[in-house]
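Step one of this worksheet: look at the structure below.
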Amino acid sequence: MTTHRTLDRDLSSVRRRLPLVLLFTALAVAAPLTATAQTFTSIDYPSAAGTHAFGINELGDIVGRWEDADFNVHGFLLHHGVFTAIDVPSATFTAAFDINNLGHVAGWWVDADDVPRGFLFKNGQFTSIDFPGAIDTKIRGIDDLGRLTGNYTKEDGHEHGFLLDRRGYHTIDVPDSDSTDVWDINLLGRMVGDLSDTNDIVYGYLLKNGIFTQINFLGAQDTSLRGINIQGDIVGLYDTNDGALHGLLKTRSGMTSFDFPDGFDTRGFRINALRDVVGDYADAERNFHGFLMRQREHGHEDD
(Lines give C-alpha, C1' and ligand atoms only; values in the text may rest on other atoms or scores of the structure.)
Protein backbone atom coordinates (compact mmCIF):
# COMPACT_ATOMS: atom_id res chain seq x y z
CA MET A 1 0.00 0.00 0.00
CA THR A 2 1.24 3.47 -0.82
CA THR A 3 2.25 5.37 2.28
CA HIS A 4 1.11 8.86 3.22
CA ARG A 5 4.72 10.03 3.00
CA THR A 6 4.93 8.91 -0.62
CA LEU A 7 1.68 10.72 -1.42
CA ASP A 8 2.94 13.91 0.22
CA ARG A 9 6.24 13.71 -1.68
CA ASP A 10 4.32 13.40 -4.95
CA LEU A 11 2.28 16.48 -4.12
CA SER A 12 5.33 18.54 -3.10
CA SER A 13 6.18 18.91 -6.79
CA VAL A 14 2.77 20.51 -7.29
CA ARG A 15 3.54 23.19 -4.71
CA ARG A 16 6.88 24.01 -6.36
CA ARG A 17 5.10 24.65 -9.66
CA LEU A 18 2.37 26.84 -8.19
CA PRO A 19 3.66 30.11 -9.77
CA LEU A 20 3.28 28.53 -13.20
CA VAL A 21 -0.20 27.37 -12.26
CA LEU A 22 -1.23 30.89 -11.32
CA LEU A 23 0.09 32.24 -14.63
CA PHE A 24 -1.75 29.49 -16.47
CA THR A 25 -4.95 30.37 -14.62
CA ALA A 26 -4.61 34.06 -15.45
CA LEU A 27 -4.20 33.26 -19.15
CA ALA A 28 -7.22 30.95 -19.04
CA VAL A 29 -9.37 33.62 -17.41
CA ALA A 30 -8.36 36.15 -20.07
CA ALA A 31 -9.08 33.76 -22.95
CA PRO A 32 -12.34 34.49 -24.79
CA LEU A 33 -15.06 31.88 -25.04
CA THR A 34 -15.11 30.24 -28.47
CA ALA A 35 -16.67 27.19 -30.10
CA THR A 36 -15.12 24.08 -28.62
CA ALA A 37 -14.76 20.38 -29.34
CA GLN A 38 -15.07 17.87 -26.51
CA THR A 39 -12.86 14.80 -26.13
CA PHE A 40 -13.50 12.14 -23.47
CA THR A 41 -11.05 9.82 -21.70
CA SER A 42 -12.05 7.08 -19.25
CA ILE A 43 -10.37 6.97 -15.84
CA ASP A 44 -10.08 3.57 -14.16
CA TYR A 45 -8.08 2.77 -11.04
CA PRO A 46 -6.11 -0.46 -11.72
CA SER A 47 -8.17 -3.60 -10.96
CA ALA A 48 -10.99 -1.52 -9.49
CA ALA A 49 -14.59 -2.69 -9.52
CA GLY A 50 -15.62 0.93 -10.02
CA THR A 51 -14.01 4.38 -10.33
CA HIS A 52 -15.41 7.90 -9.80
CA ALA A 53 -13.52 11.13 -10.58
CA PHE A 54 -14.59 14.07 -8.40
CA GLY A 55 -11.94 16.81 -8.43
CA ILE A 56 -9.33 18.36 -10.74
CA ASN A 57 -6.92 21.27 -10.30
CA GLU A 58 -5.23 23.53 -12.86
CA LEU A 59 -2.25 21.14 -13.14
CA GLY A 60 -4.55 18.33 -14.19
CA ASP A 61 -4.22 16.33 -10.95
CA ILE A 62 -7.41 14.33 -10.40
CA VAL A 63 -8.88 12.86 -7.21
CA GLY A 64 -11.82 10.56 -6.59
CA ARG A 65 -12.77 7.18 -5.18
CA TRP A 66 -12.55 3.55 -6.26
CA GLU A 67 -14.03 0.26 -5.11
CA ASP A 68 -11.93 -2.87 -4.73
CA ALA A 69 -13.08 -6.44 -5.48
CA ASP A 70 -14.79 -6.61 -2.07
CA PHE A 71 -16.42 -3.21 -2.74
CA ASN A 72 -14.43 -1.45 -0.06
CA VAL A 73 -14.14 2.24 -0.95
CA HIS A 74 -10.80 4.08 -1.18
CA GLY A 75 -9.76 7.52 -2.34
CA PHE A 76 -7.19 8.12 -5.08
CA LEU A 77 -4.90 10.71 -6.61
CA LEU A 78 -4.06 10.56 -10.32
CA HIS A 79 -0.85 12.55 -10.93
CA HIS A 80 1.08 12.40 -14.21
CA GLY A 81 -0.68 9.16 -15.14
CA VAL A 82 0.16 7.42 -11.85
CA PHE A 83 -2.52 6.40 -9.35
CA THR A 84 -1.94 6.63 -5.59
CA ALA A 85 -4.44 5.27 -3.06
CA ILE A 86 -5.68 7.63 -0.34
CA ASP A 87 -6.97 6.01 2.84
CA VAL A 88 -7.62 7.83 6.10
CA PRO A 89 -6.09 5.68 8.89
CA SER A 90 -8.71 3.39 10.51
CA ALA A 91 -11.32 4.40 7.92
CA THR A 92 -13.84 1.91 6.56
CA PHE A 93 -14.53 4.25 3.60
CA THR A 94 -12.50 7.11 2.07
CA ALA A 95 -13.56 9.41 -0.79
CA ALA A 96 -11.31 12.22 -2.06
CA PHE A 97 -13.57 14.93 -3.48
CA ASP A 98 -11.30 17.82 -4.41
CA ILE A 99 -7.69 18.95 -4.74
CA ASN A 100 -6.41 22.52 -4.90
CA ASN A 101 -3.30 23.85 -6.65
CA LEU A 102 -1.24 23.45 -3.48
CA GLY A 103 -1.88 19.71 -3.57
CA HIS A 104 -4.18 19.73 -0.53
CA VAL A 105 -6.83 17.01 -0.79
CA ALA A 106 -10.25 17.19 0.86
CA GLY A 107 -13.10 14.70 1.15
CA TRP A 108 -14.86 12.53 3.68
CA TRP A 109 -14.40 9.19 5.40
CA VAL A 110 -16.35 6.80 7.60
CA ASP A 111 -15.00 5.74 10.99
CA ALA A 112 -15.37 2.41 12.81
CA ASP A 113 -18.67 3.59 14.32
CA ASP A 114 -20.07 4.17 10.82
CA VAL A 115 -19.97 7.98 11.23
CA PRO A 116 -19.18 10.08 8.13
CA ARG A 117 -16.51 12.71 8.85
CA GLY A 118 -14.70 15.25 6.70
CA PHE A 119 -10.95 15.19 6.15
CA LEU A 120 -8.14 17.40 4.88
CA PHE A 121 -4.83 15.89 3.74
CA LYS A 122 -2.15 18.57 3.99
CA ASN A 123 1.62 18.45 4.52
CA GLY A 124 1.57 14.69 5.03
CA GLN A 125 -1.12 14.76 7.71
CA PHE A 126 -4.79 13.84 7.77
CA THR A 127 -7.03 16.14 9.79
CA SER A 128 -10.61 15.14 10.60
CA ILE A 129 -13.23 17.85 10.20
CA ASP A 130 -16.53 17.69 12.10
CA PHE A 131 -19.11 20.46 12.06
CA PRO A 132 -19.83 21.34 15.71
CA GLY A 133 -22.89 19.49 17.02
CA ALA A 134 -23.44 17.52 13.79
CA ILE A 135 -23.99 13.76 13.60
CA ASP A 136 -22.09 13.58 10.29
CA THR A 137 -19.95 15.86 8.13
CA LYS A 138 -18.98 15.61 4.45
CA ILE A 139 -16.42 17.81 2.70
CA ARG A 140 -17.11 18.49 -0.98
CA GLY A 141 -14.67 21.19 -2.11
CA ILE A 142 -11.49 23.14 -1.35
CA ASP A 143 -9.99 26.26 -2.94
CA ASP A 144 -6.45 27.69 -2.97
CA LEU A 145 -7.22 29.80 0.12
CA GLY A 146 -7.95 26.61 2.05
CA ARG A 147 -11.68 27.28 2.30
CA LEU A 148 -13.76 24.11 2.57
CA THR A 149 -17.35 23.48 1.53
CA GLY A 150 -19.71 20.63 2.26
CA ASN A 151 -22.73 19.59 4.28
CA TYR A 152 -23.58 18.34 7.73
CA THR A 153 -26.57 16.59 9.29
CA LYS A 154 -28.23 17.36 12.61
CA GLU A 155 -30.01 14.85 14.83
CA ASP A 156 -33.34 15.77 13.22
CA GLY A 157 -32.00 14.38 9.95
CA HIS A 158 -31.91 17.68 8.05
CA GLU A 159 -28.82 18.45 5.95
CA HIS A 160 -27.28 21.90 5.91
CA GLY A 161 -24.52 23.31 3.73
CA PHE A 162 -21.49 24.96 5.24
CA LEU A 163 -18.35 26.93 4.55
CA LEU A 164 -15.24 26.58 6.71
CA ASP A 165 -12.74 29.44 6.45
CA ARG A 166 -10.22 31.14 8.74
CA ARG A 167 -13.06 32.70 10.73
CA GLY A 168 -14.67 29.33 11.43
CA TYR A 169 -17.78 27.43 10.39
CA HIS A 170 -20.66 29.10 8.56
CA THR A 171 -23.98 27.35 7.95
CA ILE A 172 -25.42 27.90 4.47
CA ASP A 173 -29.11 27.21 3.89
CA VAL A 174 -31.04 28.21 0.80
CA PRO A 175 -34.19 30.01 2.06
CA ASP A 176 -37.29 27.79 2.27
CA SER A 177 -35.30 24.66 1.41
CA ASP A 178 -35.63 21.31 3.19
CA SER A 179 -31.90 20.59 2.79
CA THR A 180 -28.84 22.33 1.32
CA ASP A 181 -25.49 21.04 0.06
CA VAL A 182 -22.50 23.23 -0.93
CA TRP A 183 -20.37 21.46 -3.54
CA ASP A 184 -17.74 23.97 -4.62
CA ILE A 185 -16.29 27.44 -4.16
CA ASN A 186 -14.04 29.42 -6.51
CA LEU A 187 -11.40 32.02 -5.63
CA LEU A 188 -13.97 34.82 -5.97
CA GLY A 189 -16.03 33.20 -3.20
CA ARG A 190 -18.86 32.11 -5.49
CA MET A 191 -20.41 28.82 -4.44
CA VAL A 192 -22.58 26.23 -6.17
CA GLY A 193 -24.57 23.32 -4.86
CA ASP A 194 -28.05 21.93 -4.64
CA LEU A 195 -31.12 22.05 -2.44
CA SER A 196 -34.17 19.91 -2.00
CA ASP A 197 -37.70 21.07 -1.27
CA THR A 198 -40.33 19.36 0.86
CA ASN A 199 -41.33 17.25 -2.16
CA ASP A 200 -37.74 15.94 -2.51
CA ILE A 201 -37.24 17.79 -5.79
CA VAL A 202 -33.58 18.84 -6.22
CA TYR A 203 -32.61 22.24 -7.63
CA GLY A 204 -29.21 23.73 -8.38
CA TYR A 205 -28.13 27.13 -7.10
CA LEU A 206 -25.39 29.74 -7.38
CA LEU A 207 -24.50 31.80 -4.30
CA LYS A 208 -22.89 35.08 -5.37
CA ASN A 209 -22.45 38.20 -3.24
CA GLY A 210 -24.84 36.79 -0.67
CA ILE A 211 -27.63 36.20 -3.20
CA PHE A 212 -28.95 32.73 -4.10
CA THR A 213 -29.90 32.20 -7.74
CA GLN A 214 -31.68 28.98 -8.67
CA ILE A 215 -30.29 27.31 -11.80
CA ASN A 216 -32.09 24.35 -13.36
CA PHE A 217 -31.73 22.52 -16.63
CA LEU A 218 -34.77 23.16 -18.82
CA GLY A 219 -37.22 20.25 -18.62
CA ALA A 220 -35.22 18.36 -15.96
CA GLN A 221 -36.78 16.54 -13.03
CA ASP A 222 -33.82 17.36 -10.75
CA THR A 223 -30.68 19.49 -11.19
CA SER A 224 -27.47 19.55 -9.14
CA LEU A 225 -24.55 21.94 -9.60
CA ARG A 226 -21.21 20.43 -8.55
CA GLY A 227 -18.29 22.60 -9.72
CA ILE A 228 -17.44 26.21 -10.57
CA ASN A 229 -14.15 27.59 -11.94
CA ILE A 230 -12.60 31.06 -11.70
CA GLN A 231 -14.37 32.17 -14.90
CA GLY A 232 -17.76 31.24 -13.46
CA ASP A 233 -18.28 28.19 -15.70
CA ILE A 234 -20.40 25.59 -13.90
CA VAL A 235 -20.72 21.82 -14.25
CA GLY A 236 -23.19 19.41 -12.73
CA LEU A 237 -25.90 16.97 -13.66
CA TYR A 238 -29.60 16.63 -14.21
CA ASP A 239 -32.06 13.80 -14.60
CA THR A 240 -34.98 13.31 -16.94
CA ASN A 241 -38.39 11.86 -16.18
CA ASP A 242 -37.16 8.38 -17.13
CA GLY A 243 -34.44 8.62 -14.47
CA ALA A 244 -31.46 8.97 -16.83
CA LEU A 245 -28.63 11.23 -15.68
CA HIS A 246 -26.80 13.68 -17.94
CA GLY A 247 -23.94 16.11 -17.43
CA LEU A 248 -24.54 19.83 -17.73
CA LEU A 249 -22.22 22.70 -18.54
CA LYS A 250 -23.15 26.34 -17.99
CA THR A 251 -21.04 29.14 -19.49
CA ARG A 252 -21.71 32.72 -20.53
CA SER A 253 -22.98 31.27 -23.81
CA GLY A 254 -25.74 29.32 -22.06
CA MET A 255 -26.36 25.83 -20.69
CA THR A 256 -25.68 22.63 -22.61
CA SER A 257 -25.93 18.90 -21.94
CA PHE A 258 -23.19 16.31 -22.39
CA ASP A 259 -22.88 12.52 -22.12
CA PHE A 260 -19.94 10.16 -22.19
CA PRO A 261 -20.05 8.47 -25.63
CA ASP A 262 -22.01 5.18 -25.44
CA GLY A 263 -22.19 5.61 -21.65
CA PHE A 264 -25.10 5.90 -19.25
CA ASP A 265 -25.84 8.22 -16.32
CA THR A 266 -23.13 10.81 -16.94
CA ARG A 267 -22.38 13.14 -14.02
CA GLY A 268 -20.13 16.22 -14.11
CA PHE A 269 -18.35 17.03 -10.85
CA ARG A 270 -15.63 19.64 -11.32
CA ILE A 271 -14.24 22.07 -13.88
CA ASN A 272 -10.85 23.81 -13.76
CA ALA A 273 -9.67 27.10 -15.27
CA LEU A 274 -8.73 25.32 -18.51
CA ARG A 275 -12.34 24.11 -18.68
CA ASP A 276 -11.33 20.47 -18.23
CA VAL A 277 -14.19 18.55 -16.63
CA VAL A 278 -14.12 15.39 -14.52
CA GLY A 279 -16.99 13.15 -13.53
CA ASP A 280 -18.25 9.60 -13.86
CA TYR A 281 -20.51 7.43 -16.01
CA ALA A 282 -21.82 3.85 -16.13
CA ASP A 283 -21.19 1.32 -18.89
CA ALA A 284 -23.70 -1.16 -20.31
CA GLU A 285 -23.05 -3.54 -17.40
CA ARG A 286 -23.66 -0.64 -14.96
CA ASN A 287 -20.03 -0.55 -13.87
CA PHE A 288 -18.84 2.98 -13.05
CA HIS A 289 -15.84 4.72 -14.58
CA GLY A 290 -14.38 8.16 -14.09
CA PHE A 291 -13.84 10.45 -17.05
CA LEU A 292 -11.91 13.50 -18.15
CA MET A 293 -13.59 15.75 -20.71
CA ARG A 294 -11.25 18.21 -22.40
CA GLN A 295 -12.65 21.18 -24.26
CA ARG A 296 -10.55 22.80 -26.95
CA GLU A 297 -11.16 25.32 -29.71
CA HIS A 298 -12.27 23.98 -33.07
CA GLY A 299 -9.49 23.85 -35.61
CA HIS A 300 -6.66 23.51 -33.08
CA GLU A 301 -4.69 20.35 -32.45
CA ASP A 302 -5.01 18.98 -28.93
CA ASP A 303 -1.59 18.92 -27.31
Side-chain angles (χ1 to χ4, degrees), residues 1-18 21-22 25 43 45-46 48 51-67 72-111 116-131 137-151 162-166 182-187 226-229 269-273 276-280 290 292:
M1 180 178 293
T2 303
T3 65
H4 306 153
R5 183 177 301 173
T6 299
L7 175 60
D8 189 52
R9 186 166 58 245
D10 290 341
L11 294 178
S12 66
S13 64
V14 175
R15 291 189 286 271
R16 289 195 298 270
R17 288 177 290 151
L18 185 57
V21 175
L22 297 177
T25 302
I43 298 172
Y45 193 94
T51 304
H52 311 260
F54 295 142
I56 184 170
N57 63 16
E58 271 63 68
L59 290 165
D61 299 309
I62 296 170
V63 294
R65 55 172 269 198
W66 62 284
E67 294 89 45
N72 299 306
V73 177
H74 314 265
F76 74 81
L77 165 71
L78 177 57
H79 175 65
H80 285 178
V82 178
F83 285 94
T84 302
I86 300 175
D87 289 295
V88 176
S90 76
T92 63
F93 172 112
T94 301
F97 265 86
D98 204 6
I99 180 170
N100 66 14
N101 292 316
L102 297 171
H104 304 158
V105 179
W108 60 279
W109 64 290
V110 177
D111 65 19
R117 309 175 67 183
F119 79 82
L120 173 66
F121 183 82
K122 176 181 176 181
N123 300 329
Q125 298 292 326
F126 285 100
T127 301
S128 288
I129 298 170
D130 301 291
F131 193 96
T137 303
K138 296 175 182 176
I139 302 297
R140 305 294 198 188
I142 183 172
D143 71 357
D144 290 342
L145 299 178
R147 296 178 295 192
L148 299 168
T149 57
N151 74 72
F162 75 88
L163 168 69
L164 175 59
D165 60 17
R166 293 181 179 179
V182 187
W183 277 90
D184 199 16
I185 182 172
N186 69 10
L187 277 175
R226 300 293 174 89
I228 182 169
N229 64 11
F269 276 96
R270 207 74 65 182
I271 183 169
N272 65 12
D276 295 330
V277 173
V278 292
D280 61 14
L292 168 65

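Numbers for residues simply follow the sequence, beginning at 1.
Side-chain contact between Phe162 and Ile139: present, with at least one pair of heavy atoms (C-beta onward) separated by less than 4.5 Å. Looking at heavy atoms from C-beta onward, Phe83 lies in side-chain contact with Leu78 at the 4.5 angstrom threshold. Residues Asp143 and Asn100 are not in side-chain contact: their nearest non-hydrogen atoms beyond the backbone lie 4.5 Å or more apart. Here the side chains of Thr94 and Val73 are not in contact, with every heavy-atom distance at 4.5 Å or above.
Using the six-membered ring where Trp is involved, Trp66 and Tyr45 have ring planes that are parallel, under 30° apart on the 30 and 60° scheme.
Of the possible polar contacts, one joining the Asp98 side chain to the Ile142 backbone as a donor-acceptor pair under 3.5 Å is found. At least one donor-acceptor pair closer than 3.5 Å links the side chain of Thr137 to the backbone N or O of Phe131. Side-chain atoms of Asn272 come within 3.5 Å of backbone atoms of Asn57 as a donor-acceptor pair (strictly under, hydrogens ignored). Remark: the backbone N or O of Val110 is paired with a side-chain donor or acceptor of Thr92 at under 3.5 angstrom. For Arg117 (side chain) and Ile129 (main-chain N/O), no donor-acceptor pair under 3.5 Å exists by modelled atom type.
Checked against ring-ring contact (aromatic ring centres under 6.0 Å, His included), Phe54 has the following partners two or more places apart in sequence or in another chain: Phe97, Phe269. For Ser128, the side-chain hydrogen bond (donor to acceptor under 3.5 Å, both in side chains) partners two or more places apart in sequence, or in a different chain, are Trp109.
Going from atom CD1 of Ile271 over to atom CD1 of Ile228 covers 9.5 Å, rounded to the nearest 0.5 Å.
With 3.5 Å as the limit, one finds a donor-acceptor pair spanning the side chains of Glu58 and Asn101.
The pair Arg140-Asp184 fails the salt-bridge criterion, with no side-chain N (NZ, NE, NH1 or NH2) lying under 4.0 Å from an Asp/Glu carboxylate O.
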